[in-house]
Structure formats: structure tokens, C-alpha cells
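What follows is a short report on a single structure.
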Amino acid sequence: DVIHPGRANVPKAELVKHLATMYKVDDEATIFLFGFKTKFGGGKSTGFGLIYDNLDAAKKFEPRYRLVRAGQAEEKKVGRQQRKQRKNRAKKMKGKTKKGRKADA
């Protein structure tokens, strides 16, 4: 819980710095905060955070989208049209798995 009277919300970067000093963390990149919701009326937010021992452990256990948000991984850029065409090709497959292989019988 984060109490912030008079402010709409608190930036995650500010919270990461505060948690790093609070828990004596050397590398701020090992702190991951997510899922923050501001309570009705403001002044208080609730969220979740994880602190890893090192960056390797974080990369092993964190989902890819959170690593991308934190700048620890590169985002895969696939064009919108390519995604749509792939989806439509997968819809046309019958008697096969969606990946394009024949179903194992």
C-alpha cells in the first residue's frame, strides 16, 4: 500500500528508489512493480512488487512483457497486417494443429 495524499498517484520509478533504500538493494533493475490500482477518492494505491537477488534470476522468472516494460528485454515487433494474416491462415486449417503441422494420430 502506498499512501499519497494530495497526489493523483506516485510514479513507479519513485517507488523503486524508495524500496531500494528501504530494503538495501544495490541494483534497482532487480525491483519489479506492477498491478497498481488507485483507491476510490485517491490518496492510496495498492500494488505488487518483486525484488530479485540478481538480474539473471529476474530474467529467468519474470514474464517477457514485464522485462520489456523495465527495459531488460527487446520487444518483438511484428507488423499488424502479418498478425492478421497469420490468424486467418490458422483459421483455415482443418485436421491439423494450429502451428501448421499435421496432427499426430
Side-chain angles (χ1 to χ4, degrees):
D1 289 348
V2 181
I3 299 169
H4 48 89
R7 295 176 74 178
N9 51 23
V10 184
K12 286 190 190 123
E14 191 177 313
L15 292 173
V16 165
K17 286 185 174 142
H18 186 72
L19 286 172
T21 57
M22 210 163 112
Y23 291 105
K24 299 181 180 110
V25 177
D26 296 330
D27 190 7
E28 291 180 359
T30 60
I31 300 174
F32 290 84
L33 302 177
F34 54 93
F36 277 84
K37 302 281 185 200
T38 306
K39 297 290 182 190
F40 180 74
K44 183 178 179 182
S45 295
T46 304
F48 199 77
L50 296 169
I51 301 174
Y52 290 96
D53 294 333
N54 53 39
L55 208 51
D56 291 333
K59 287 184 178 181
K60 183 178 178 184
F61 293 108
E62 276 295 302
R64 184 161 178 82
Y65 73 94
R66 281 205 296 244
L67 289 171
V68 169
R69 280 183 194 170
Q72 303 300 326
E74 195 67 32
E75 183 180 3
K76 288 193 285 185
K77 282 287 192 183
V78 178
R80 181 175 175 194
Q81 200 66 37
Q82 284 180 322
R83 284 195 312 263
K84 287 181 172 192
Q85 288 171 353
R86 182 177 177 176
K87 173 193 65 115
N88 289 330
R89 278 197 306 267
K91 285 189 333 190
K92 292 176 187 174
M93 299 229 174
K94 291 193 176 190
K96 300 177 184 176
T97 60
K98 294 293 180 183
K99 298 232 176 180
R101 307 185 297 260
K102 291 190 187 280
D104 295 328

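Residue numbers count from 1 along this sequence. Please read these numbers as outputs of a predicted model, since none were measured by experiment. Heavy-atom basis, side chains included; hydrogens, waters and symmetry copies ignored.
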Looking only at heavy atoms, the pair that brings Ala29 and Leu55 closest together is O-CD1, 3.8 Å
Just by modelled atom types, is the Val78 backbone N or O under 3.5 Å from a matching donor or acceptor in the Arg83 side chain?
yes
Going only through I, L, V, M, F, W and Y residues with side-chain contacts under 4.5 Å, is there a path from Met22 to Phe34?
no
Working to the nearest 0.5 Å, report the span between CG of Asn54 and NZ of Lys60.
10.5 Å
At what distance, to the nearest 0.5 angstrom, does CG of Leu33 lie from CD1 of Ile51?
8.0 Å
Check: Thr30 and Val25 side chains under 4.5 Å, non-hydrogen atoms
yes
Beyond-backbone contact of Lys44 with Asp1, side-chain heavy atoms, under 4.5 angstrom
yes
So Lys39 and Ser45, do their side chains get closer than 4.5 Å, heavy atoms only?
no
So, are Glu75 and Arg69 salt-bridged, with charged N and O less than 4.0 Å apart?
no
Arg64 and Lys76: which non-hydrogen atoms are nearest, and at how many Å?
NH2-CG, 4.4 Å
Does a side-chain heavy-atom distance below 4.5 Å link Leu67 with Lys59?
yes
Could you tell me the separation between the CG atom of Asp26 and the CG atom of Asp53, rounded to the nearest 0.5 Å?
11.5 Å
Distance (rounded to the nearest 0.5 Å) between Tyr23 OH and His18 NE2:
9.0 Å
With under 30° as parallel and over 60° as perpendicular, where do the rings of Phe61 and Tyr52 fit, or are they tilted in between?
parallel
Side chains of Glu62 and Leu50, heavy atoms from C-beta outward: is any pair under 4.5 Å?
yes
Shortest non-hydrogen pair, Val16 vs Ile31, comes out as O-CD1, 3.8 Å
In this structure, CD of Gln85 is separated from CZ of Arg80 (nearest 0.5 Å) by 12.5 Å
Considering all heavy atoms, the nearest Val10-Glu14 contact:
CG1-OE2, 3.7 Å
